Amino acid sequence: MQPGAEAMLDVVDVGKRSLATYRGVAPDVQLDELLHLAERLRGARCMHLNATSYGGGVSELLRSLVPLYNDLGITTDWKLIHGDEAFFQVTKRIHNGLQGAPGELSESEKAIYLANAQLNASRLVSDSEDYDFIFVHDPQPAVLAAISSLHDARWIWRCHIDTSHPTPSFWEFLSPYLRAYDSAVFTHQDFIPPELPIRDVHVYAPAIDPLSPKNFPLPDDLARHVLEWIGIRTHRPLVTQVGRFDRWKDPLGVVRAYQRVRPHVPDLQLALVGSLALDDPEGWEVYEEVRAATAGDSLIHVLTNLVGVGNIEVNALQTFSNVVIQKSLREGFGLVVSEAVWKGTPVIGGRVGGIPLQLPEDTGGILVSSVEECAEALLHLLRQPEEARLLGARGREHVRQNFLMPRLLRDHLRLLNHLASRRPLPARDIVPAFVQAGLPGV
Ligand code: UDP
């Protein structure tokens, strides 16, 4: 470790990726535009900042995006803020409050949140680093723009959650700190909170990586083998929900819908897969509730990252399930919906937040607003496999056009170009990796 390095934020090691490998998978037009957009940003330096390197949609996104930025010649780091359990208890309350949960922060909770921001601000960059763009993801590190000394950077707040109806006490606390941002990005027009103090606002959705271990095509026999290994009986029908153990994802509602269908399809299995993330202390409580509600039923499989259920297992479950459910009550986007649909598996999704973007009419699956509707849709899809297959096939093309990583990278680079045109970048002469290697690019 270099002298002083122990005081700095952790940098996530993401490895190398090449945009050229998406040719033939993602739409050509998106890849072509990307090359053009990247030309003007060559040599720029960018940082993405969030709270965790695993266990949620943001880490999933950054693991793919950051190496692709680097591949295009934009030198990019992914850093993690530090936080202890008390801090993450507070940020989970802020997360819930911004999504509309009632309550307010106590003075001591505010103090914990702000003291943590001070600590992280002092560890943000070493003397040799400077950044042109800093993306701050979600509320946990959101205060940093206001208190950091990095005034030359263009700061972007990327809010991934549904902030359409924040509980006023939480919003009034956080929003003054957002004034320091140059731009904000939301997943949906409706999520832009009232009286946002950031003028330059952009709207674009996240995306999945079709080439990641979570999403690459798995041969049928390998998928079966992986599933048998974790206790799934592959000769029986299967319905799955994948998501953090979070009340907004309504895992208990999924159990109730499943229990309604079970008398009609007695050998139906349910897999509930949830990761327990470092920045989500509430996950343990919800996990215990789910365990209690499903105890003694050998056809319900409650699986977590802690018993080794990782990307390949999630891939196999999403590929092999007859139906995937995402019965959220609030949902910023829900990458899991596109992940399943990309595998041709129909999804029953809660009619909330970013889910309807992924399941337009007769495409990808069925939207529901209650346990009863969820049970009805599940029984319907299990009884009509041809309709289920067609929904999945149409959904896959919708995902290909709208929710694959090159489209998201394109939207990022459009935003960076926009910001660079408002305030020019310093001249630097770094050449993109594919040019250095003498490759034709993508
Ligand atoms: N995920 C996973 N294992 C789990 C739970 C979630 O790999 O047990 C992944 C899931 O496949 C998806 C991401 O974590 O890629 C969750 O993103 P999403 O947008 O659905 O929800 P978020 O956690 O961001 O609210």
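If you read the sequence from its start, that first residue is 1, and numbering goes on from there. None of the values given here were measured: they were computed from a predicted structure. Counting starts at 1 for both ligands and their atoms, following the listed order.
- The nearest heavy-atom contact from the protein to atom 10 (C) of ligand 1 is Val336 CG1, 3.5 Å.
- When only non-hydrogen protein atoms are considered, atom 19 (O) of ligand 1 lies nearest to Leu335 N, 2.9 Å.
- The distance from ligand 1 to the heavy atoms of Gly274 drops below 4.0 Å at these ligand atoms: 4 (C), 8 (O).
- A salt bridge links Asp297 with Arg262: the closest approach of a Lys/Arg side-chain nitrogen to an acidic carboxylate oxygen falls below 4.0 angstrom.
- For atom 6 (C) of ligand 1, the closest heavy atom belonging to the protein is Val242 CG1, 3.7 Å.
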Could you go through the salt bridge (charged side-chain N to carboxylate O under 4.0 Å, His left out) check for Glu33 and Arg414 one step at a time? CA-CA 10 Å; Glu33 186 181 344; Arg414 281 183 182 170; 2.8 Å; yes
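- Under a 4.0 Å criterion applied to the non-hydrogen atoms of Lys214, ligand 1 contributes the atoms 2 (C), 7 (O), 9 (C), 10 (C), 11 (O), 15 (O).
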Would Arg260 and Glu372 count as a salt bridge (charged side-chain N to carboxylate O under 4.0 Å, His left out) here? Give the steps. CA-CA 8 Å; Arg260 281 173 171 253; Glu372 294 71 30; 3.4 Å; yes
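- Protein heavy atom closest to atom 4 (C) of ligand 1, with residue, atom name and distance, is Ser275 N, 3.4 Å.
- Here the protein heavy atom with the shortest distance to atom 15 (O) of ligand 1 is Glu339 OE2, 2.5 Å.
- Between Ala101 and Thr167, the closest heavy-atom pair is O-OG1, 2.6 Å.
- Residue contacts with ligand 1: Val273 is included, with a non-hydrogen atom under 4.0 Å away.
- Each of the atoms 22 (P), 23 (O), 25 (O) of ligand 1 lies under 4.0 Å from some heavy atom of Arg244.
- Protein heavy atom closest to atom 3 (N) of ligand 1, with residue, atom name and distance, is Val314 CG2, 3.9 Å.
- Counting protein heavy atoms only, atom 24 (O) of ligand 1 is closest to Gly57 N, 2.8 Å.
- Here the side chains of Leu299 and Leu268 are not in contact, with every heavy-atom distance at 4.5 Å or above.
- Tyr113 does not carry Arg93 over the face of its six-membered ring by the limits of under 6.0 Å from the centre and within 45° of the normal.
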Give the C-alpha distance, both sets of side-chain angles, the deciding distance and a yes or no for side chain to side chain contact (heavy atoms under 4.5 Å, CB included) between Val12 and Lys79. CA-CA 6 Å; Val12 182; Lys79 295 193 182 186; over 6 Å; no
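- Of the protein's non-hydrogen atoms, Lys249 NZ, 3.4 Å is the one closest to atom 22 (P) of ligand 1.
- Figure legend: Arg154 and Phe133 shown as a cation-pi pair, the cationic atom lying under 6.0 angstrom from the six-membered ring centre and within 45 degrees of its axis.
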